[in-house]
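Single-structure report; data block below.
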Amino acid sequence: MNLLYNSTRNTEKKVTASEAILKGLADDGGLFVPEYIPKLDVTMEELKGMSYQETAYAVMKQFLTDFTEEELKNCISHAYDSKFDTELIAPLVKVGDAYHLELFHGATIAFKDMALSILPHLLTTAAKKNHVTNEIVILTATSGDTGKAALAGFADVPGTKIIVFYPKGGVSRIQELQMVTQKGDNTSVVAIHGNFDNAQNGVKAIFEDKELERELADKGYQFSSANSINIGRLVPQVVYYVYAYAKLLENEEITSGEEINVTVPTGNFGNILAAYYAKQMGVPIAKLICASNENKVLFDFFQTGVYDRNREFILTSSPSMDILISSNLERLIYAIADEDAQKDRELMTQLKEKGVYEITPQMRARLNDFAGGFATEEECSATIRSTYEKTGYVMDPHTSVAAAVCAKYRTESKDEKKCLIASTASPYKFIHSVMTAIDQKYASADEFDLVDELSRISCTNVPKAVEEIRSAQIRHTRECDADCMKDTVKEILGI
Ligand SMILES: *Cc1c(COP(=O)(O)O)cnc(C)c1O
């Protein structure tokens, strides 16, 4: 029996997993969700000895039931290969009393690689399965990391084009350089005059534009999304939580069945939602701790039940979490509303029209699996510094927000369970913030000089992704206003 998917805003129309991946976003603007979260059909004992790739198959086959074993294994082996700098793919490192799950060993040194190295394969396989002959145009809004990871994943993949929008001035210098130097004839990168929410809303509006969809079809194109709203990104992210738990068990850090907490530095709510799905699949996770930076709209939501995006947008040193509209939260809203699509639609309309909504007391009662926390800029840099001083381990600002929140949660709640921290980026990617957190003397230094200094003080090798951009040529210089994104897309596609 196939596991089918429906929109969070309409439960009537069901599609297969491959159709959901192809479409990205449902026609009604909702997000695709599986009819139910499948259980793992292997035991933790069995998972203990498995490689990352084997774990990926065990988890993903439960969700993507219309892919054959051969198709899925093929996608997995093309994704999790030597693009990663360790065979473990996602190593666990004990830092102080927490376990860091390092998700940044892929091509672009941020956790987006975990899903975006497989999405192009899932998507092109889905296209073949559904007899799609159109060229697929991937449209992506990025707060910095998705863009490069998607570009790297889709560059020169036959039958695809990719267009990435990022907020000018809203990403780190290394992130920007990574994107604007991207090779591949099918890639385009556009800096928009606005913030990430503007970029994301612009992309959503383009997806919902029926007239443009027809114009595109006439030219043999169709859109899809590489943003974390695509179920084809969410499912591969469930894998590493299952893998991490099995490795903790294998390494005898925990005992069989022992519950752990998981802290996730959160922006668009994709990564933490994957942890929630892992819990529902059967992984013994107690609390899901949602860590925000100073854009603490999610923290306030978990405190009060009110989601209110009407506030100042703050640029922080963890830019991939500078988000006021966390798209994937809609999937949680749908779940806690007892899969009531009408309620979901109602709340999302309020969010769109007024920028605010409040969930019901019944819905709030179902948020027990979650705890919210946030860290200020000072707490974030103090955590980078003190962790370095105590352990020699250097973490990036996103991970540091999670580490700070995790520590505060422990103290305040007296909850002593072991904690897994999703470590989402290499410190090399946010080098200026990281090094000045360690010592102010680096404040005026050149970013690339700091690269060698970080390598020296942390005894780690400079990642290939950073070496490459030192000398790479800039290939993308296009810019546009946030309200001209549609015209820019048409111009790029020649329609
Ligand atoms: C994208 C990103 C996040 C936020 O993840 P979400 O799935 O959007 O919540 C956190 N840290 C880094 C480094 C990221 O790139």
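When reading the values below, keep in mind they use all heavy atoms of this one structure, side chains included, and skip hydrogens, waters and symmetry mates. When a residue number appears, it is its place in the shown sequence, counting from 1. Atoms within a ligand are numbered from 1 in the order they appear, just like the ligands themselves. Quantities reported herein were computed from a predicted structural model and do not represent experimental measurements.
- Checked by distance only, ligand 1 and Asp145 come closer than 3.5 Å through their nitrogen or oxygen atoms.
- Of all protein heavy atoms, the one closest to atom 10 (C) of ligand 1 is Pro265 O, 3.5 Å.
- Close N/O approach between Asn268 and ligand 1 is found [any backbone or side-chain N/O within under 3.5 Å].
- No hydrogens or angles considered: nothing links the side chains of Asn195 and Asp322 as a donor-acceptor pair under 3.5 Å.
- Taking the six-membered ring where the residue is Trp, the centroids of Phe84 and Tyr52 are separated by 6.0 Å or more.
- Between Gly270 and ligand 1, at least one pair of N/O atoms sits closer than 3.5 Å.
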Side chains of residues 89-104: which donor-acceptor partners sit under 3.5 Å, not counting sequence neighbours?
residue : atom : partner : partner atom : Å
Asp97   : OD2  : Arg410  : NH1          : 3.1
Tyr99   : OH   : Glu253  : OE1          : 2.7
Glu102  : OE1  : His105  : NE2          : 2.7
Glu102  : OE2  : Tyr393  : OH           : 2.5

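- The Thr424 neighbourhood of ligand 1 comprises atoms 10 (C), 11 (N), 12 (C), 13 (C), with distances under 4.0 Å to a heavy atom of that residue.
- Using modelled atom types, one side-chain atom of Thr142 and one backbone atom of Gly147 make a donor-acceptor pair closer than 3.5 Å.
- Checked by distance only, ligand 1 and Gln237 stay at 3.5 Å or farther apart across all their nitrogen or oxygen atoms.
- For Phe374 and Phe299, the ring centers are positioned less than 6.0 Å apart.
- For ligand 1, one of its N or O atoms has an N or O atom of Gly267 under 3.5 Å away.
- Tyr428 places no side-chain N or O within donor-acceptor distance of the main-chain N or O of Ile174, the cut-off being under 3.5 Å.
- For atom 2 (C) of ligand 1, the closest heavy atom belonging to the protein is Lys112 NZ, 2.4 Å.
- The ligand atoms of ligand 1 that sit less than 4.0 angstrom from a heavy atom of Ala425 are 13 (C).
- Ionic pairing of Glu259 and Lys287 is not present here: no N-O contact between side-chain nitrogen and carboxylate oxygen is shorter than 4.0 angstrom.
- At a threshold of 4.0 Å, the pair Arg385-Asp439 does not count as salt-bridged, since none of the basic side-chain nitrogens sits closer than that to a carboxylate oxygen.
- For the pair Asn271 and ligand 1, the shortest N or O to N or O distance falls below 3.5 Å.
- Note: an N/O pair closer than 3.5 Å links Phe269 and ligand 1 by distance alone.
- Applying the 4.0 Å criterion to heavy atoms of Thr266 picks out, from ligand 1, the atoms 9 (O).
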